[in-house]
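Here is the structure we will look at.
Side chains are part of it too, since the values below use all heavy atoms of this structure and drop only hydrogens, waters and symmetry mates. Both counts, for ligands and for their atoms, begin at 1 and track the order of listing.
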Amino acid sequence: DSATPVPRIVPAPVSMNTVPGQSFTLTRHTKIAVGSRSAGVAGVAAFLAGLARPSTGYPLPVVRAGAGVHDAISLRLAALPRLGTEGYRLTVSRGGVRLEAPTAAGLFHGVQTLRQLLPAKVESHSAQRGPWTVPGVAISDYPRFSWRGAMLDVARHFFTVDEAKRYIDEISMYKINVLHLHLSDDQGWRIAIKSWPRLATYGGSTEVGGGAGGYYTQKQYTDIVRYATQHFITIVPEIDSPSHTNAALASYADLNCDGKAPPLYTGTSVGFSSVCVDKDITYKFFDDVIGELAKLTPGSYVHVGGDEAHSTPLTDYVKFLDRLQPIVHAHGKNMIGWNEIAQADVQGSPATLAQNWSVLDGNTPADDPLATAAVQKGVQLITSPANHAYLDMQYDANSPYGLHWAGYVSVQKSYQWDPATLFNGVTEQNIRGVEAPIWSETLTNIHEVEYMAFPRLPGIAEIGWSPRAGRSWDEYRTRLAAQGPRWTVMGINFYRSPEISWD
Ligand SMILES: CC1=[NH+][C@H]2[C@@H](O1)O[C@H](CO)[C@@H](O)[C@@H]2O
């Protein structure tokens with residue numbers, strides 16, 4: 001055991017000690033023992049069984065934990081206040097694996113760590129040869145930020161329910177807990193709204209490049225939300241406004257100031273569309289849309305976009321957002337917007353969040369008027385610096401997909417930044433967390449998304465989860481190398497970046 005290398009986990013746990021001579025090997029007799037009847041715990045046990053039964057070929061029955069139960073992976077809720085609502089404690093010894101957490105979410109995150117302590121072939125869907133040995137460790141872990149998000153733009157190109165679910169499988173491996181779905185834009189409307197049916201049937205009938213597009217029925221959206229919940233991920237729906245609205249404007253002539261519906265749009269420029277700020281129907285529209293979406297969304301946030309309103313005069317922009325925020329609140333939700341919303345009279349935390357997408361150095365704090373305006377209004381930030389966290393940016397000039405308006409983003413560049421040192425006058429307390437957007441102008445299916453997201457997304461998940469102290473690219477890249485074989489077993493179409501000496 002002394003030869004056992006230190007396990008390489010992403011995101012890095014807050015504290016991990018290896019305990020030589022205390023490794024545990026799963027066998028056909030091993031059980032999954034649950035310490036309570038809680039549905040949440042049962043859900044995590046079912047997740048673990050679903051992961052390990054096919055690959056080990058072992059029965060791994062789920063049993064009630066008790067004094068006589070050993071040779072088990074035990075999952076139990078425990079009052080461990082230091083670990084917050086998402087942390088866990090994982091102890092592996094010769095006698096078994098003990099996973100404890102204050103919540104089921106913590107147990108789920110602990111299972112993601114346990115997963116990485118097992119050989120990569122545990123990810124296989126067919127029985128593999130063992131041994132299934134977990135090294136002896138004592139881990140205590142909890143996240144730095146509560147918002148650790150990924151965004152998928154399903155508007156420029158449509159992604160099916162199964163593709164969205166696959167992305168949820170992948171991001172939840174790295175303790176991401178928010179999936180922001182960019183559901184509407186100039187090129188497409190992707191969610192059925194019963195009171196405005198043409199939004200989906202017509203506004204969702206195409207996409208960038210002129211393809212067939214598509215949309216989620218409300219039943220399908222609910223299925224995605226349910227699947228996300230099982231992975232302890234909150235869905236944040238975005239209806240972008242007042243710009244990025246051509247699909248809606250094309251669907252209903254009355255929404256346009258001149259009463260004329262523009263044609264559907266399949267290009268990739270931005271900022272040319274705007275809702276009609278002075279028409280009352282505009283606010284009825286958003287009241288209906290946000291009302292239906294809010295009912296389908298258990299999460300407490302609705303994202304209203306607000307980016308690139310180049311065709312909306314600033315006074316109109318402020319007027320529009322000041323009328324939109326009460327609509328969001330009336331439907332029991334808090335509002336998020338891209339950082340331009342800080343120009344409006346947005347109310348302060350804990351309600352409203354501003355998602356900053358500025359291009360920033362990442363190592364020397366910059367003056368960012370929109371960030372400081374948000375903070376002055378008591379609005380917390382979600383940080384998505386475009387030249388570090390936008391995973392639709394090409395890795396380099398040879399990348400087969402992606403854009404590079406914010407520059408090329410190498411794996412190193414996507415990792416070498418910190419939310420707390422992006423802006424002057426903005427401290428860690430002003431930051432709710434991080435989010436890695438993927439915009440789909442150039443991405444037509446989940447395999448192309450995977451190429452852009454892996455290997456860069458796990459590093460942003462680490463920035464959101466792990467302690468800031470001691471984080472370094474040289475140390476991280478060796479841990480990242482261990483993820484490659486896992487993605488190969490899972491069939492994830494990752495970019496084998498030459499920056500990493502893959503296992
Ligand atoms: C918030 C934001 N608005 C723009 C910008 O990010 O760049 C994206 C491409 O990287 C583009 O798709 C999006 O419409």
Note: D392, heavy atoms under 4.0 Å from ligand 1, region reported as side chain
Treating R456 as the side-chain partner and Y415 as the backbone partner, does any N or O pair qualify as donor plus acceptor under 3.5 Å? no
Would R479 count as a cation-pi partner of Y476, with NZ or CZ less than 6.0 Å from the six-membered ring centre and within 45° of the ring normal? no
Any N or O of W405 that comes nearer than 3.5 Å to an N or O of ligand 1? yes
Any nitrogen or oxygen of R156, main chain or side chain, under 3.5 Å from a nitrogen or oxygen of ligand 1? yes
Report the nearest protein non-hydrogen atom to atom 4 (C) of ligand 1: residue, atom name, distance rounded to 0.1 Å. E308 OE1, 3.1 Å
Anything under 30° is parallel, anything over 60° is perpendicular, the rest tilted; go ahead and classify F320 against F286. perpendicular
Does a salt bridge link R166 with E450, judged by any charged N lying under 4.0 Å from a carboxylate O? yes
I'd like to check which ligand 1 atoms, numbered from 1 as shown, lie under 4.0 Å from a non-hydrogen atom of H244. 14 (O)
Below 3.5 angstrom, do we get any N/O pair linking W338 and ligand 1? no
Can an N or O of W357 be found at a distance shorter than 3.5 Å from an N or O of ligand 1? no
I'd like to know whether ligand 1 has M393 as a neighbour, heavy-atom separation below 4.0 Å. yes
Quick one: look up the protein heavy atom nearest atom 11 (C) of ligand 1 and list residue, atom name and how far away it is. E441 OE2, 3.4 Å
Which residue and non-hydrogen atom of the protein lie closest to atom 3 (N) of ligand 1, and at what distance in Å? D307 OD2, 2.7 Å
Lys NZ or Arg CZ of R115 over F47 ring: under 6.0 Å, within 45°: no
Here's one to test your reading of the geometry: is the NZ or CZ of R323 within 45 degrees of the ring axis of Y283 and under 6.0 Å from its centre? yes
May I have all residue pairs that pass salt bridge (Lys or Arg N to Asp or Glu O under 4.0 Å) and include part of residues 485-503, sequence neighbours excluded? R8-D503, E123-R486
Electrostatic pair K284:D288 at N-O distance under 4.0 angstrom: yes
Can you sort out which atoms of ligand 1 are near L403, meaning under 4.0 Å from one of its heavy atoms? 9 (C), 10 (O)
Protein heavy atom at shortest distance from atom 1 (C) of ligand 1: Y390 OH, 3.3 Å
